S.K.: 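Before I ask anything, here is the structure I am working with.
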Amino acid sequence: MISDQMRTSLDYVQSSMPKSEPEKPVFYNVEGDKNVFENLSRELAEAQHEIVVDVWREEAELLRNDLQQAEARGVRLLWSCDGGEGMLDQPVPWPGLPLYGTGNGRKFSLVVDRRWCMLGMRGESCATQAVVTEHPVMTGLLLNHFAQELVLYELEQDMGRNWSPAMGTGTKNSLRVIGLLLQEKVTRARQIGD
């Protein structure tokens, strides 16, 4: 009798509790041109406020219609578009450490409504792959990188096209550090303002 009442009570509690939906994976990998661009198209179609795009010209051409439709809906677009036929830049090497990657693809990243992002690489001699996430750390990193590249672009425009050969690569690397420091100050100022 007591066990029947216990069982009935437990069944009631179990049926009354809210059901939790399975969590989306924090990060997931998408492979192949078709899958990557289907994911992008779906997310760009749902964008409501802002899309931050950092792509090469080849990828920009493939996303043109989706981005034009988003802009027509009133979504703000922020662009960074590299030239054409480029390959992945190698980082400044640290003494004693090997370079990473083979440099045979073009990187791309998109951030939609500051909550969803995709970071990937594609090219003629490599498989198209991307990481997709709504993780706030990755979204923040991509937004910060975009802001740093914008600062560097503006510095380059102010200094003229031939600034790197005239000042040397050391200056270019120093300006990248300055861009990082400027971004850090902007971030701190935002935090203080919030």
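What you see is a predicted model; the values in this text were computed from it and never measured.
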S.K.: Check C117 against M138 and note the closest heavy-atom contact, atom names and distance.
M.R.: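 Shortest heavy-atom separation between C117 and M138 comes out as SG-CG, 3.5 Å.
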S.K.: Show me the donor-acceptor pairs within less than 3.5 Å that the side chains of residues 35-44 make with the rest of the protein, sequence neighbours left out.
M.R.:
from : atom 1 : to   : atom 2 : distance (Å)
N35  : ND2    : E31  : O      : 3.0
N39  : OD1    : R42  : NH2    : 2.9
N39  : ND2    : N35  : O      : 2.9
S41  : OG     : F37  : O      : 3.0
S41  : OG     : D66  : OD2    : 2.7
E43  : OE2    : R115 : NH1    : 3.2
E43  : OE2    : R115 : NH2    : 2.5

S.K.: Of all heavy-atom pairs between M118 and F108, which one has the smallest distance, and what is that distance?
M.R.: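 So the minimum-distance heavy-atom pair works out to SD-CE1, 3.8 Å.
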S.K.: Do L141 and W116 share a hydrophobic cluster, counting only Ile, Leu, Val, Met, Phe, Trp and Tyr and linking them when any side-chain heavy atoms are less than 4.5 Å apart?
M.R.: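 Shared cluster, no.
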S.K.: With side chain to side chain contact (heavy atoms under 4.5 Å, CB included) as the test, pick out the partner of L142 among T133, V52, V111, D54.
M.R.: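 One option only clears the test, and that one is V111.
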S.K.: Taking all heavy atoms of C126 and all of G105, pick out the closest pair and write down the distance.
M.R.: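 Looking at all heavy atoms of both residues, the closest pair is SG-CA, 3.9 Å.
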S.K.: Side-chain heavy atoms nearer than 4.5 Å, only ILVMFWY residues, links allowed to pass through others: does that put L143 and V26 together?
M.R.: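 Linked within one cluster.
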S.K.: Working note: R57 + E61, criterion side chain to side chain contact (heavy atoms under 4.5 Å, CB included); need CA distance, chi angles, decisive distance, verdict.
M.R.: CA-CA 6 Å; R57 188 178 350 174; E61 191 60 39; 5.8 Å; no
S.K.: Could you pull out the closest heavy-atom pair between N29 and A130, with the gap in Å?
M.R.: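 Of all heavy-atom pairs spanning N29 and A130, the closest is OD1-O, 3.0 Å.
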S.K.: To the nearest 0.5 Å, what is the distance between NE2 (H145) and NZ (K107)?
M.R.: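 With rounding to 0.5 Å, NE2 (H145) is 4.0 Å from NZ (K107).
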S.K.: Looking only at non-hydrogen atoms, find the nearest pair between A47 and V112 and report the distance.
M.R.: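 The answer is CB-CG1, 3.6 Å.
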S.K.: Do the side chains of L150 and L78 join up, straight or via other hydrophobic residues, at under 4.5 Å, putting them in one cluster?
M.R.: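 Per the 4.5 Å side-chain linkage, L150 and L78 are not co-clustered.
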S.K.: I'd like to know whether R106 forms a side chain to side chain contact (heavy atoms under 4.5 Å, CB included) with R122, so could you lay out the CA-CA distance, the side-chain angles of the two residues, the decisive distance to 0.1 Å, and finally the verdict.
M.R.: CA-CA 5 Å; R106 296 179 303 272; R122 89 183 274 276; 3.3 Å; yes
S.K.: Taking only residues two or more places apart in sequence, or in another chain, which ones meet H135 in a ring pair (Phe, Tyr, Trp, His ring centres under 6.0 Å)?
M.R.: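 F27.
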S.K.: Nearest 0.5 Å please: distance from the CD atom of E71 over to the CZ atom of R73.
M.R.: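 Those atoms lie 10.5 Å apart.
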S.K.: When you measure from the side chain of D113 to the backbone N and O of H49, does any donor-acceptor pair fall under 3.5 Å?
M.R.: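 Yes.
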S.K.: Honestly curious: do L62 and L77 fall in one hydrophobic cluster under the side-chain, below-4.5 Å linking rule?
M.R.: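 Yes; L77 is reachable from L62 via cluster members.
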S.K.: Please test W79 against V55 for side chain to side chain contact (heavy atoms under 4.5 Å, CB included), starting from the C-alpha separation and ending with a verdict.
M.R.: CA-CA 8 Å; W79 280 87; V55 296; 4.2 Å; yes
